[in-house]
Amino acid sequence: MEYPFDKIEKKWQKIWKDKRIFNADNNSAKPKYYILSMFPYPSGALHMGHVSNYSIGDAITRYKLTQGYNVMQPMGYDAFGMPAENFAIQHNSHPKITTEENIDIMRKQFDMIGFGLDWEREVSTCRPDYYKWGQWFFKKMYENGLVYKKSSFVNWCDECQTVLANEQVEGGTCWRCESTVRQKELEQWFFRITKYADELLDFSGLTDWPERVKIMQTNWIGKSFGTNIHFKLEGKDDVITVFTTRPDTIFGCTFMALPPEHPLVSRWLKDEPKDSEFTKFCDKVINEDKISRSAEDTTKEGIFSGRFAINPVNGEKVQIWITNYVLMDYGTGAVMAVPAHDQRDFEFARKYDIPIKIVIQNPEKSLILEEMTEAYIEPGILVNSKQFNDMESVASKKAISTWMDENGMGEDTITYRLRDWGVSRQRYWGNPIPIIHCDKCGEVLVPDEELPVMLPDNVELGKTTQNPLLSVNDWVNTTCPNCGAPARRETDTMDTFVDSSWYFARYADAHNAEMPFTKKAADHWLPVDQYIGGIEHAVMHLMYARFFHKFMRDIGMVSCDEPFARLLTQGMVTKDGAKMSKSKGNVVDPQYIVDRYGADTVRVFMLFASPPDKDSEWSDEGVKGAFRFLNRVWRIFEDKLDIIKQNVILSDPVVTDRIEGSKNESISSSLKDLRFSTHHLIKKVREDIEERMHFNTAIAAIMEHLNKVYITETENLNDTEKAIFAESCAVIPRLLYFFAPHISEELWKMIGNVELVHEAGIPEYNPKFLVKDEVTYVVQVMGKLRGKLEVPIDLPQEEIKKLALEIENVQKFIEGKTVQKIIVVPKKLVSIVAK
RNA sequence: GCGAAAGUGGUGGAAUUGGUAGACGCGCUGGAUUUAGGAUCCAGUGGGAGAGAUCCUGUAGGGGUUCGAGUCCCCUCUUUCGCACCA
């Protein structure tokens, strides 16, 4: 017989809803706890990844609720973006309709699993009451000098007349029409995130973030200290500034490397014939896939520009080459090449027969140019460097850069790998950028009272490939808010990362029509105490959100410095070792599993499968195991209901006294062990959740305890033993509640409780029952296990050593050897060193 | 390529601070119960040797530190995530 999960789950979901236990109160006197899982894209159905992710959040939610916190666990939808636009085209509908339909389905599925979500705070980024404030933030950023326009390269398909996302470019061709993709220069809007680079590098407020996320962000920002050095063009007034972290190698510069996008190169190209080798090479490199260009394994290619620059430190002529391995986005977009001491430059110089000059000698002074097979990048002693000869290279950096600064050749500078955030998207299904272009006034912000700039509904999707907004004439054509002359709306929409950069704050005051949220509400809830999401967001989303939060702080909207106090990056759900995806055909539908085994089973399985930050492998058999476990829990309550019911009123002093044994009834050793197990379990589950969030081991501990309960004989127990047995059962729903809340509520009620499980609070363990009077020592000889020792817990070390040496098997292994040392680790082991 | 992680039985995983490797679950094997069961209960289960006590071996591969290494260090291999227009 299976336990009636279906009836139970629906029943308790309704009770939780009616009692509003998950509707958070902005004015509660209780301490707040804000738990947030990254909101999903409304694809129309929950997948296992969602279930796994949100089961973690729900376990924490219920734990904190039980601890007495005023908990907020809101939910919403990251509803704008390319997938929604494509989904609508496929279904011959409109994204506004399909998205809302999908949201309704997903909300039902969330409820079917019984997540404790505060639906009164639901947000969806595609609704005007939300995106209005995204536009408002754009304006605020603009007014604060954090928004600017610049031209940059995008993937462009001539056939489709549209911009392609990187993922839409497959092997250099368009995913739709397979024509070659080229790089096109477009004017784009940018957020000046680099202004916050240094502050984003400061993780001092984020001690509870995974170290690896902080490292990835640090590397992403890539702060490096170096020197800008100015090279004059031979015979011209033009100056090329290079950035280098190795000013100590400046005397060894034999050529200069520029990317074809460099402004100077663009000028040279104008005077070049269209069919020259030079033009062709530049065109080719510009159109190369960006990722492969930054990869070090791509063949380094270049072409000599025919021009020379003058090395300011020694007046030497250096060739200027156009190459595919220098990026315009980093540093000054120009590199001084020192082939002797940089591997990429070395390979390039050898390939094109460019001179190489050693300026740093290894400590043995054995570096010979002709024998070099790779660049020497280690520190060493300067040579061929005029007055700096014989200096140690690391120390010479400062000396050389100071000298260059004094002589106007260059200066110390700091460079970041981080680039400003390009937020323009040439797509329909996104938040319109609130700008109007007027011939007379230029770009004008849409006034606050006209926000939001509504996304027009009357678009024809899928008819043209270009941004549909361009063809909505009555939307594009408007009047200038400044002078009233005819003007045109900006047709770019914002990157969806903008929408997801501040939603966590909107939940605090989700329905405010006057502003994004009040400071009071934000200060009440922020920062998010626990944020949960995939590791794939380690850099971009999490950094954009931090940036937005710091901006909101700077304009006085929030008080704290960071949006997410603690971060948990959960792993993904795999099947047959691969990520579940439709294309691989290895998707498991949560709906089916819930129908068959119930929501509690799915949750328990997902949480039990692995620790939350690791990937977890789906297993049909494993789900059955979780279901079997819940049935076992159910069965013990059915079988032993009488004995439990009569002995579980935990606040009853008589029962408590009995468990403590004050009634002077004898307690058998198996019941003593059971009592130990009960209290040990409470300690274990609490520690696993509070200190590590390892739900898998917490659930394993409950299973282990349940096994002990099962083998306990309940015939002929005295009253004390009955109370101990009842306690050992009653503790289960109180601890299982965090993972399998429905069955736990039902069992809790079944044994006579009127209150809900969380209202009983977190169980306390009694340290008295965890004290053992004997302890097992492991005895090792030369690190190998040779015996065990059961001794009284307070036996002196000398006695333990003596007993250890007496063990027969130990004797065998020290025979004929001298015992040199005996190490005793208290309460753990004895290690004998014998040679 | 760069950056970040991970690799433990047939399998998902445990071992929290350098101290009994394999908890718990799945699978498998045996037993009990049942008219029967793919249900339930109990027990066993890394590999090898042995009647057994016990011994040898074993945490991707190779080396090192240590009385002692899954855990720390170095090298190699494999897999996963991110790389700025997927979210």
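Just so we're on the same page: letters track the sequence lines, and every chain starts at 1. Here the structure is a predicted model, which means the values were calculated and not measured.
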Participant: Within the 4.0 Å heavy-atom criterion, would you say A:R427 contacts the bases, only the backbone, or no part of the nucleic acid?
Facilitator: base
Participant: Could you work out the separation of B:G46 and B:U35 based on their C1' atoms and round it to a whole Å?
Facilitator: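 Per the computed distance, 40 Å lies between those C1' atoms.
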Participant: Please measure how far the P atom in B:G12 lies from the corresponding atom in B:A60, and state the result in whole Å.
Facilitator: 13 Å
Participant: Report yes if a side-chain nitrogen or oxygen of A:N809 is closer than 4.0 Å to either non-bridging phosphate oxygen (OP1 or OP2) of B:U54; otherwise report no.
Facilitator: no
Participant: For A:I832, answer base if it contacts any base atom (sugar-phosphate contacts may also be present), sugar-phosphate if it contacts only those atoms, and nothing otherwise; contact means non-hydrogen atoms under 4.0 Å.
Facilitator: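 Here A:I832 touches no strand at all.
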Participant: With sugar-phosphate meaning primed atoms plus P, OP1 and OP2, does A:A538 contact a base, only sugar-phosphate, or nothing at under 4.0 Å between heavy atoms?
Facilitator: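 No contact.
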Participant: Which is true for A:P40 with a 4.0 Å heavy-atom rule: it touches a base, it touches only sugar-phosphate, or it touches nothing?
Facilitator: nothing
Participant: Provide the distance between the two P atoms, one in B:A21 and one in B:U45, to the nearest whole Å.
Facilitator: 16 Å
Participant: Report yes if a donor N or O on one partner sits less than 3.5 Å from an acceptor N or O on the other, where the partners are the side chain of A:K684 and the base of B:U16; otherwise report no.
Facilitator: yes
Participant: Under 4.0 Å between a side-chain N/O of A:R786 and OP1 or OP2 of B:U20, yes or no?
Facilitator: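 Answer no for this pair, as no side-chain N or O of A:R786 is under 4.0 Å from OP1 or OP2.
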Participant: Which one, B:C56, B:A15, B:A84, comes nearest to the side chain of A:R417?
Facilitator: B:A84
Participant: Kindly say if A:S619 contacts the phosphate of B:C26, meaning a side-chain N or O under 4.0 Å from OP1 or OP2.
Facilitator: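 For B:C26, OP1/OP2 do not have a side-chain N/O of A:S619 under 4.0 Å.
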Participant: Using a 3.5 Å limit on both pairing distances, list the dot-bracket string of RNA chain B from the 5' end; Watson-Crick and G-U wobble pairs count, crossing pairs take [ ], interstrand pairs take |.
Facilitator: (((((((..(((......[....)))((((((.......))))))((((....))))..(((((..]....))))))))))))....
Participant: Starting the side chain at C-beta, find the nucleotide from B:A87, B:C81, B:C42 nearest to A:Y710.
Facilitator: B:C42
Participant: Using the C1' atoms only, state how far B:G18 lies from B:U66, rounded to an integer number of Å.
Facilitator: 9 Å
Participant: Would you say B:G25 has OP1 or OP2 under 4.0 Å from some side-chain N or O of A:N707?
Facilitator: yes
Participant: A:K788 near the nucleic acid: base, sugar-phosphate alone, or nothing, with a heavy-atom cut-off under 4.0 Å?
Facilitator: base
Participant: When the C1' atoms of B:G44 and B:C26 are considered, how many whole Å apart are they?
Facilitator: 16 Å
Participant: On a whole-Å scale, what distance lies between the P atoms belonging to B:C77 and B:G61?
Facilitator: 15 Å
Participant: Students often get this wrong, so: under 4.0 angstrom with heavy atoms, is A:S424 touching a base, only sugar-phosphate, or nothing?
Facilitator: base
Participant: With the side chain of A:F608 defined as its heavy atoms from C-beta on, choose the nearest nucleotide among B:G12, B:C26, B:A84.
Facilitator: B:G12
Participant: Take atom P in B:G70 and the same atom in B:U57, then report the distance between them in whole Å.
Facilitator: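 It comes out at 13 Å once rounded to the nearest Å.
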Participant: Quick check for you: among B:C42, B:G3, B:A84, whose closest atom lies nearest to any side-chain atom of A:W220?
Facilitator: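 Of B:C42, B:G3, B:A84, B:A84 is nearest to the side chain of A:W220.
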Participant: Given the ring of A:F813, does A:R786 sit roughly above its face, with NZ or CZ under 6.0 Å from the centre of the six-membered ring and within 45° of the axis?
Facilitator: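 Judged by the rule, A:R786 and A:F813 form a cation-pi pair.
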Participant: Looking for any heavy atom pair under 4.0 Å, which part of the strands does A:Q780 touch: base, sugar-phosphate only, or nothing?
Facilitator: base
Participant: Just call it for A:V825: base, sugar-phosphate, or nothing, with non-hydrogen atoms closer than 4.0 Å on any strand.
Facilitator: base
Participant: For a salt bridge (Lys or Arg N to Asp or Glu O under 4.0 Å) check, start with the C-alpha distance between A:E347 and A:K351, then their side-chain angles and the critical distance, and finish with the verdict.
Facilitator: CA-CA 6 Å; A:E347 287 168 26; A:K351 180 172 177 179; over 6 Å; no
Participant: For a quick check of understanding: with a heavy-atom distance under 4.0 Å over all strands, which category does A:F813 fall into, base, sugar-phosphate or nothing?
Facilitator: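 Here A:F813 touches the backbone only, sparing every base.
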Participant: Going by the glycosidic torsion and a 90 degree boundary from 0, is the base of B:G64 oriented syn or anti?
Facilitator: anti
Participant: Using only atom types and a distance under 3.5 Å, with no angle test, would you say the side chain of A:D492 pairs donor to acceptor with the backbone of A:W189?
Facilitator: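 Between the backbone of A:W189 and the side chain of A:D492 there is no qualifying donor-acceptor contact (under 3.5 Å).
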Participant: Can you classify the ring geometry of A:W429 versus A:F80 as parallel (below 30°), tilted (30 to 60°) or perpendicular (above 60°)?
Facilitator: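 Rings of A:W429 and A:F80: perpendicular, as their planes differ by over 60°.
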Participant: Out of B:C67, B:U16, B:A14, which nucleotide sits closest to the side chain of A:K821?
Facilitator: B:C67
Participant: Of the nucleotides B:A84, B:G19, B:A15, which has the atom closest to the A:L829 side chain?
Facilitator: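 It is B:G19.
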Participant: I'd like the C1' distance from B:C24 over to B:U8, given in whole Å.
Facilitator: 15 Å
